[in-house]
Each structure stands twice: as C-alpha cells, then as structure tokens.
Amino acid sequence: MTVDEIQSRIIKKGICLYAGVKEYAVYICKDHTLYGTGDYEDKPEIAGDYDVECYTVYFSDLLDQSKVCASAGQYASCETAVEAAENSRGFLKWEVCDGQ
C-alpha cells in the first residue's frame, strides 16, 4: 500500500525515529471497515468484517517513505488510536495537519 492510497483518510501524521537515526511516519486514518480475523474457527463477532467508523494506525516504510509497511491495529476511537501511536517505540511528535 502507498501513502497516496490512504492520503484522503489521514487525520493525523506523526514522526517516529528508528534506532535513533532514521525518521519514518506514523499515520492515523479514519476508516469505515473494522476488519475481522477472517478465520472460520473464530467466533463470528471477531472473524467477520464490520461496517463501522474506526481508526487505523499505519507506519511508513523505512526505505521508501511513499509506502506503508505496517499497521498498529484498528481502534474504536481516535483517542485510543493516538494513544497506541504515541506508545509505539520511537514515537517523537505529531505534525500539524490541515483541519487540526
């Protein structure tokens, strides 16, 4: 996935630092699908996807900042997504985005 693909959903962008030397981005995106596990052995309430407002935390690739390489999960509120991002190893600061 690329940053361009999530650009319209980004509500917050921050900076993290890997090993004290390499910066990379963290994004919080507003989504409308909460993804389940997809595992048929799981209970239906956690296996299936749901159409519901949620927030996803993504991280850019260390070698190519135009790509997203990882997610730190989905959250029911923006506040819990922010908290998860801020608790990520290497988190430095939030940048000012349009609309903030």
Side-chain angles (χ1 to χ4, degrees):
M1 175 182 337
T2 67
V3 173
D4 285 343
E5 291 175 284
I6 64 169
Q7 189 67 46
S8 65
R9 299 181 290 130
I10 296 172
I11 60 168
K12 203 164 183 73
K13 178 185 177 189
I15 301 296
C16 295
L17 193 61
Y18 177 76
V21 294
K22 179 71 175 164
E23 287 188 358
Y24 61 99
V26 57
Y27 303 100
I28 295 181
C29 294
K30 187 173 187 178
D31 286 314
H32 295 287
T33 302
L34 180 63
Y35 295 104
T37 65
D39 190 335
Y40 72 93
E41 293 179 343
D42 286 339
K43 294 178 183 178
E45 56 270 13
I46 62 170
D49 297 343
Y50 290 93
D51 292 329
V52 62
E53 183 175 285
C54 58
Y55 299 84
T56 307
V57 178
Y58 293 109
F59 295 100
S60 69
D61 188 288
L62 285 171
L63 301 177
D64 185 347
Q65 295 287 312
S66 69
K67 294 183 180 176
V68 173
C69 71
S71 170
Q74 291 186 291
Y75 302 89
S77 72
C78 184
E79 292 79 18
T80 54
V82 167
E83 184 178 327
E86 290 175 349
N87 288 329
S88 297
R89 185 175 203 122
F91 179 81
L92 290 178
K93 63 181 179 178
W94 292 109
E95 292 185 344
V96 175
C97 290
D98 292 341
Q100 288 188 11

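Between the NZ atom of Lys13 and the SG atom of Cys29 there is a distance of 11.5 Å, given to the nearest 0.5 Å. Here the CG-OG1 distance, from Asn87 to Thr80, works out to 11.5 Å after rounding to the nearest 0.5 Å. The CG atom of Leu34 lies 8.0 Å from the OG1 atom of Thr56; values are rounded to the nearest 0.5 Å. With values rounded to the nearest 0.5 angstrom, Tyr27 atom OH is found 5.5 Å from Ile10 atom CD1.
Counting only residues at least two apart or in different chains, salt bridge (Lys or Arg N to Asp or Glu O under 4.0 Å) contacts with residues 70-79 are absent. Applying the ring-ring contact (aromatic ring centres under 6.0 Å, His included) test to pairs two or more places apart or on separate chains, those with a residue in residues 60-92 are Phe91-Trp94.
Around OH of Tyr35, the count of heavy atoms belonging to other residues, nucleotides or ligands within 6.0 Å does not exceed 12.
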(request) Carefully, step by step, assess Cys78 and Ile11 under the rule side-chain contact (heavy atoms from CB on, under 4.5 Å). (result) CA-CA 9 Å; Cys78 184; Ile11 60 168; 3.6 Å; yes
(message) Working note: Glu95 + Ile15, criterion side-chain contact (heavy atoms from CB on, under 4.5 Å); need CA distance, chi angles, decisive distance, verdict.
(response) CA-CA 7 Å; Glu95 292 185 344; Ile15 301 296; 3.3 Å; yes
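When atom types are taken as modelled, the side chain of Gln74 and the backbone of Thr33 share a donor-acceptor pair closer than 3.5 angstrom. With hydrogens and angles disregarded, no donor-acceptor distance shorter than 3.5 Å links the side chain of Ser60 to the backbone of Lys67.
Considering only heavy atoms from C-beta on, Tyr24 stays 4.5 Å or farther from Cys69 through its side chain.
Legend: residues meeting side-chain hydrogen bond (donor to acceptor under 3.5 Å, both in side chains) with Lys30, ordered by chain and number and at least two apart, are Glu53.
Cluster annotation: Tyr18 and Val26 are assigned to the same hydrophobic cluster (Ile/Leu/Val/Met/Phe/Trp/Tyr, side-chain heavy-atom contacts under 4.5 Å, transitive).
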